[in-house]
Amino acid sequence: MSVYIVGAVVPLVLTLLAQSSKKMKKRGVPVDVGGEPGYAIRNSQFTSPVETAWEGISTLAELFEQACKQHRDKYLLGTRKLISRDVETSGDGRSFEKLHLGEYEWLTYGKAFEVVCSFASGLAELGHKKEERVAIFADTREEWFIALQGCFRRNVTVVTIYASLGEEALCHSLIETEVTTVICGNKELKKLVDISGQLDTVKRVICMDDDIPSNTLPLVRSGIWTVTSFADVERLGRGNPIDADLPHSSDVAVIMYTSGSTGLPKGVMMTHHNVLATVSAVMTIVPDLGSKDIYLAYLPLAHILELAAENIVVAVGGVIGYGSPLTLTDTGSKIKKGTKGDATVLRPTIMTAVPAILDRVRDGVRKKVDAKRGLAKRLFDLAYARRLSAINGSWFGAWGLEKLLWDFLVFRNVQAVLGGRIRFLLSGGAPLSADTQRFINICLGAPIGQGYGLTETCAGATFSEVDDTSVGRVGSPLPCSFVKLIDWPEGGYRTSDSPMPRGEIVIGGPNVTPGYFKNEEKTKEVYKVDERGMRWFYTGDIGMFHSDGCLEIIDRKKDIVKLQHGEYISLGKVEVALIVSPYVDNIMLHVDPFHSFSVALVVACQPAVEEWASKQGISFTDFADLCQKTETLAEVHASLVQAAKKARLEKFEIPAKIKLLSTPWTPESGLVTASLKIKREAIRKAFSDDLTKLYA
Ligand SMILES: *[C@@H]1O[C@H](CO)[C@@H](O)[C@H](O)[C@H]1NC(C)=O
Ligand SMILES: *[C@@H]1O[C@H](CO)[C@@H](O)[C@H](O)[C@H]1NC(C)=O
């Protein structure tokens, strides 16, 4: 009898314990810090910000050298062999490049170190002085990482430029930093030639591809540039080795130019100390990270998220296989039919992703499942529902026998798309929707660590822990950062708000960068040093701290505007509430401070609007015509009002008038960013006439 009671009580107690520990787990705790008054939180396991995880290591150059010595004969960098490059022509006459890629070819840690040293020597032999800056302007690839480490060994600061950056921004960043050597691929080299007339300081180009484009010839002949292949630089260095000239931890490692939503890009200076702090902190967050891990690298290395991630993998002795967004999976648009994508060949254990890519994975899987009929679809739906309630409940439920069963029966095929071995995904760059987070969690059977940080803080600020199954939050402070909220009374956010403190997010710690290159004014505006010497960065983002010390991003300061009568409207908050309407594909709220109401540009969701019209028996010539009709406008506006009421918006927050647009906003049109965030300035410019009419 008593055995039975124990048998019943033990699981009960365990469940209760598990639940209470889940509810009570403090991931971040309040801390008393200096500087501006506010509500500050630190990571619950580290009392002071972590600067380096390795004794005696204070730069990325030292970290790389140490890893190469420790793991000499292990594989480090791999690139797929190119078997053939074909051009296919589609029905409408457009042509597409299709690649047939083979197995990975590997460089060991030992060999990679030799190549890096040779590259560093070769750079000096070419005549590049170490106080001059190098720019790397290329897609992510093996040579990118080698060039970066080669520059570090000679204390040469590297300027990084998004490969997709426009001509004006490219010129601006190369001129501002007085770069003398540009390292690029042949695709980027063609772009560079077009603007060569404006680049007075550039003397040398190192081309990562062997086939150097012919349009460089005039520049080479007239002695304006020397153009050398990457392989030749390495050869040159091997024949003329010179000693390393290692940097100090406070030296600037990278000046990173990223595309902003307005104006010319700003160059963020990052010291070795800064990047090392982020690398050290993130390393402690990824569970069991080690030399068995295989990382698929395909995001832009010109983004700090990827740059930090690759340095972390090296630091722990892992393997990096390179790929690209268009060759990632077997169905990738550049993959030749019948051949394999990067993920299926490499079978990575760890990947980083941005929300836009995860959204695409989710939509792809959904489409496939919806196309199935009968049992297969019902089984998927059942499995999904079961897993969802398990993850939503106690953490024990999330990893039981049942998970193994569903993974085997249903999700195995989805997991195979990324090689079938993913055990951790790292998402950053923009907030991930709760829906996608859950979907990927369940279908891939792996946790997603969501991070929040900015280029100015070296990507570091907060990171969600692996056992945190909540959605919509970005986790607790990284071990390298303090995260503080300060009052923003004009916006109506205060740290005394209940039930949770709210305010502008301010980040302090060794990962906070020295500021913008040659832009002291802007630097002074958003960076401050407190009386204890801690550097703080003012993000302009509005956050809220949950009771367990996790941060939720709720708004952006820039997106809050004032109406004529003094009421504040948070554009982002209202847009999020209104986009719920089935008729809305995208929306931008607009406020003219000289009026007492707001207006909105609404991109109509074609299927939903057309379905409504056909039900109503409304005839129209084309979709653009339908979007102009008074009845359509009235119907969409009514649905916006309904969505606003549901979200408890104030009356003045609801747009009084709308303009319905029939063409979607895409990154190609320049109206949304690559991660699909709306670019307010660009949209306002493009539709300025419509906006004026709405206020007329
Ligand atoms: C690294 O280079 C910078 C800029 O040229 C220089 O100020 C610094 O002193 C150098 N560091 C070392 C350790 O030589
Ligand atoms: C998940 O849990 C939350 C709160 O415990 C609840 O509000 C929500 O409805 C649950 N969702 C599902 C799909 O079970």
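Indexing begins at 1, ligand by ligand and atom by atom, following the structure's order. Quick caveat: nothing in here was measured; it's all calculated off a predicted structure.
By the 3.5 Å distance cut-off applied to N or O atoms, N155 is counted among the residues near ligand 1. Ligand 1 has an N or O atom lying under 3.5 Å from an N or O atom of D251, backbone or side chain.
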Trace of the side chain to side chain donor-acceptor pair (under 3.5 Å) decision for N274 with E456 = CA-CA 10 Å; N274 294 148; E456 288 86 342; over 6 Å; no
D194 vs K191, salt bridge (charged side-chain N to carboxylate O under 4.0 Å, His left out): CA-CA, chis, key distance, verdict | CA-CA 5 Å; D194 291 340; K191 274 197 207 175; over 6 Å; no
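No part of V252 comes within 4.0 Å of ligand 1, judged by heavy-atom distances.
Each of the atoms 13 (C) of ligand 1 lies under 4.0 Å from some heavy atom of H248. Residue-ligand proximity, L246 to ligand 1, at heavy-atom distances under 4.0 Å covers atoms 13 (C). Ligand-side atoms of ligand 1 in range of E131: 5 (O), range being under 4.0 angstrom from any heavy atom.
In Y538, the OH atom is crowded: over 12 heavy atoms of neighbouring residues, nucleotides or ligands sit closer than 6.0 Å.
Of the listed residues (Q70, K69, E62), just one forms a side chain to side chain contact (heavy atoms under 4.5 Å, CB included) with Q66, and that residue is Q70.
When distances from atom 4 (C) of ligand 1 to the protein are checked, no heavy atom turns up under 4.0 Å.
The closest approach between T157 and ligand 1 stays at or above 4.0 Å for every heavy atom of the residue.
Without hydrogens or angle criteria, T462 side chain to V474 main chain gives a donor-acceptor distance under 3.5 Å.
Between K484 and E36, no side-chain nitrogen of the basic residue sits less than 4.0 Å from a carboxylate oxygen of the acidic one, so the salt-bridge criterion is not met.
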